[in-house]
Amino acid sequence: DSGVTQTPKHLITATGQRVTLRCSPRSGDLSVYWYQQSLDQGLQFLIQYYNGEERAKGNILERFSAQQFPDLHSELNLSSLELGDSALYFCASSATAGGRLDEQYFGPGTRLTVT
Amino acid sequence: DAKTTQPPSMDCAEGRAANLPCNHSTISGNEYVYWYRQIHSQGPQYIIHGLKNNETNEMASLIITEDRKSSTLILPHATLRDTAVYYCIVRYNRNSGGYQKVTFGTGTKLQVIP
């Protein structure tokens, strides 16, 4: 158990809809990272927040947005969903802003299925 | 970040050493080699990383060639619980500044056989 929690575990929704994925980092961690893993693309970094502020952006679509709240939990909002958005979405957390891979702890993921 | 190449799949007998190769011929001088694994769609788990010297921890050993163009992750006594996808990633070990995009690629699917 990494200490990072994600809800929900599974989500099934229709095209065009909007969903929110939630992540709670490990106690004391200030950084949250979001990743998308689809069958054909592997695991890709989407976005990072550190202590409430956006820190780095990766391959995140404009239809997707994220935020980190004062209690440090984070939400990833996906809108105008398409079939191709079906994927596993992982959240990771770390204590620092620098994003060292060896310092990141991953949550169990949310499986999103768009029908 | 440098690109890596890994075989798509490998088998290993239980109790034997599993040697997982990774090519990273375009690695630059201050890029580290990281290994992660992912067990059946769970969150990726950090295993080990290194710059030039060989490294060992409680999970695995990492052997990096002298020219740093390739490396091998060694699981000394593979168990069924080591069946997973193993990712080799090359990147800077920044400790400050923003986290730039990274892709884990498709990795090597290791099947440990009883």
Side-chain angles (χ1 to χ4, degrees), chain A residues 1-6 9-10 23 25-26 29-51 53-60 86-113, chain B residues 1-9 22 24 27 30-51 55-60 62 71 73 81 84-109:
Chain A
D1 183 359
S2 66
V4 178
T5 60
Q6 289 186 248
K9 275 189 142 169
H10 302 276
C23 168
R26 290 187 325 152
D29 282 357
L30 298 178
S31 268
V32 169
Y33 312 79
W34 285 98
Y35 293 83
Q36 179 193 54
Q37 185 173 36
S38 55
L39 276 175
D40 55 344
Q41 297 271 354
L43 190 71
Q44 295 193 90
F45 166 68
L46 296 178
I47 196 164
Q48 176 203 3
Y49 277 80
Y50 176 76
N51 205 19
E53 295 196 3
E54 183 183 305
R55 191 76 176 185
K57 223 169 197 178
N59 298 321
I60 188 165
S86 295
L88 272 167
Y89 290 85
F90 289 102
C91 153
S93 75
S94 72
T96 67
R100 285 176 50 154
L101 281 178
D102 55 311
E103 294 179 348
Q104 291 186 42
Y105 294 85
F106 281 77
T110 292
R111 182 176 293 278
L112 173 67
T113 303
Chain B
D1 294 337
K3 185 179 163 66
T4 62
T5 304
Q6 299 177 252
S9 64
C22 180
H24 32 79
I27 192 170
N30 50 357
E31 284 184 312
Y32 284 69
V33 180
Y34 286 85
W35 284 84
Y36 265 76
R37 74 180 182 184
Q38 187 174 21
I39 298 172
H40 190 56
S41 297
Q42 295 176 20
Q45 176 191 24
Y46 165 77
I47 301 172
I48 198 167
H49 75 286
L51 182 64
E55 302 287 344
T56 295
N57 63 20
E58 65 278 3
M59 288 182 70
L62 174 60
S71 60
L73 177 75
R81 284 177 295 184
V85 178
Y86 288 78
Y87 299 98
C88 168
I89 304 148
V90 173
R91 64 175 284 107
Y92 297 104
N93 200 23
R94 291 193 189 95
N95 210 11
S96 62
Y99 178 76
Q100 302 306 312
K101 63 180 180 179
V102 67
T103 301
F104 276 45
T106 51
T108 295
K109 185 175 170 62

- Message: Please rank B/Gly107, B/Pro44, B/Gly43 by heavy-atom pairs under 4.5 Å with chain A and give me the top one.
- Response: B/Pro44
- Item | Between CG on residue B/Asn57 and CG on residue A/Asp102, distance to nearest 0.5 Å | 11.0 Å
- Query: Taking only residues two or more places apart in sequence, or in another chain, which ones meet A/Gln37 in a side chain to side chain donor-acceptor pair (under 3.5 Å)?
  - Reply: B/Gln38, B/Tyr87
- Task: List for me each residue that meets side chain to side chain donor-acceptor pair (under 3.5 Å) alongside A/Trp34, sequence neighbours excluded, and say none if there are none.
- Result: A/Ser74
- Message: Taking OH in A/Tyr105 as the centre, count heavy atoms belonging to other residues, nucleotides or ligands within less than 6.0 Å. Is the count above 12?
- Response: no
- How many angstroms lie between CD in A/Gln104 and OH in B/Tyr36, if you round to the nearest 0.5 Å? 5.5 Å
